[in-house]
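Along the sequence shown, residues are numbered consecutively beginning with 1. Every heavy atom of this structure was used, including side-chain atoms; hydrogens, water molecules and symmetry mates were not.
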Amino acid sequence: QVQLVESGGGSVQDGGSLRLSCAASGYTFNTGRMAWFRQAPGKEREGVAADDSTGSTSYPDSVKGRFTIAQDNAKNTLYLQMNSLKPEDTAMYYCAAGDRWAPRGWLLLQQAYNYWGQGTQVTVSS
């Protein structure tokens with residue numbers, strides 16, 4: 001049984017940094033894609049960082065240059081380093097893993113992922 005558990009969320013000031021962690025059990029890294037998504041109240045869930053298991057990463061323009069996805073295969077842990085945070089980054093952040101085939105272009109789409117964590121809240125105040 002796959003379990004993803006996020007941690008590291010919290011409240012920070014505009015311009016601050018946070019590092020989110022996602023501990024995975026029952027899932028082997030490098031066998032599928034991993035990603036971080038976020039969902040703000042009243043908005044759709046959106047992908048903010050993804051790794052396709054070959055080391056190729058993808059980010060939307062809204063976070064490019066500020067967010068970095070990384071994984072520690074020995075610890076089976078996924079990270080999201082978030083710098084220069086803005087109030088619009090406020091959301092619930094979710095870790096996701098996918099081990100079913102999906103088009104490369106789906107890397108930041110929810111459809112490409114079949115395992116999800118419960119989320120960790122990030123709040124950025126101005």
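L107 and V48 fall into different hydrophobic clusters, where Ile, Leu, Val, Met, Phe, Trp and Tyr are joined by side-chain heavy atoms under 4.5 Å apart, directly or via other members. Hydrophobic cluster membership is shared by L80 and L4, with clusters built from Ile, Leu, Val, Met, Phe, Trp and Tyr side chains linked at under 4.5 angstrom.
Summarising the geometry of A97 relative to M34, their closest heavy-atom pair is CB-SD, 3.5 Å, with the distance given to 0.1 Å. Smallest separation of non-hydrogen atoms from A35 and A50: CB-CB, 3.8 Å. T77 and S21 get closest at one heavy-atom pair: CG2-CB, 4.3 Å. For the residue pair G98 and N114, the shortest heavy atom distance occurs at CA-OD1, 3.1 Å.
For S56, the side chain to side chain donor-acceptor pair (under 3.5 Å) partners at least two apart in sequence or on another chain are R104. In this structure, the ring-ring contact (aromatic ring centres under 6.0 Å, His included) partners of F37, at least two apart in sequence or on a different chain, are Y113, W116. Applying the side chain to side chain contact (heavy atoms under 4.5 Å, CB included) test to R19 and every residue at least two apart in sequence or in another chain returns Y79, Q81. With sequence neighbours excluded, the residues that form a side chain to side chain donor-acceptor pair (under 3.5 Å) with T54 are D52. P41 pairs by the side chain to side chain contact (heavy atoms under 4.5 Å, CB included) definition with nothing, not counting sequence neighbours.
With side-chain heavy atoms closer than 4.5 Å counting as contact, directly or through intermediates, L108 stands alone and belongs to no larger hydrophobic cluster. Grouping Ile, Leu, Val, Met, Phe, Trp and Tyr residues whose side-chain heavy atoms lie under 4.5 Å apart, directly or via other members, leaves V5 alone, with no other cluster members.
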Tell me which donor-acceptor pairs under 3.5 Å the side chains of residues 57-64 have, and how far apart each pair is, sequence neighbours excluded?
residue	atom	partner	partner atom	Å
Y59	OH	I69	N	2.9
D61	OD1	K64	NZ	3.3

Output side-chain donor-acceptor pairs under 3.5 Å for residues 85-92, partner residues at least two apart or in another chain, one line each.
residue	atom	partner	partner atom	Å
D89	OD1	R38	NH1	2.9
D89	OD1	R66	NH2	3.1
D89	OD2	R66	NH1	2.7
D89	OD2	R66	NH2	3.4
D89	OD2	K86	N	2.8
T90	OG1	P87	O	2.9
T90	OG1	V124	N	2.9
T90	OG1	V124	O	3.4

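Rounded to the nearest 0.5 Å, atoms OH (Y93) and CG (L20) are 7.5 Å apart. Atoms CG and OH, from N76 and Y27 in turn, are 9.5 Å apart once rounded to the nearest 0.5 Å. Separating the CD atom in Q3 from the OG atom in S25 is a distance of 4.5 Å, to the nearest 0.5 Å. Rounded to the nearest 0.5 Å, atoms CG (L78) and CG (D51) are 7.5 Å apart. Residue R100 holds its CZ atom at 10.5 Å from CZ of R33, rounded to the nearest 0.5 Å.
For Q118, the CD atom counts as loosely surrounded, since its 6.0 Å shell holds 12 or fewer non-hydrogen atoms of other residues, nucleotides or ligands. The environment of CD in Q111 is crowded: more than 12 heavy-atom neighbours from other residues, nucleotides or ligands sit within 6.0 Å.
Every pair tested for disulfide (SG to SG under 2.5 Å) that includes a residue from residues 33-69 fails, sequence neighbours excluded, so the list is empty. The stretch residues 46-126 participates, sequence neighbours left out, in these disulfide (SG to SG under 2.5 Å) pairs: C22-C95. Each side chain to side chain donor-acceptor pair (under 3.5 Å) pair with one or both residues in residues 4-18, not counting sequence neighbours, appears once here: S17-N83.
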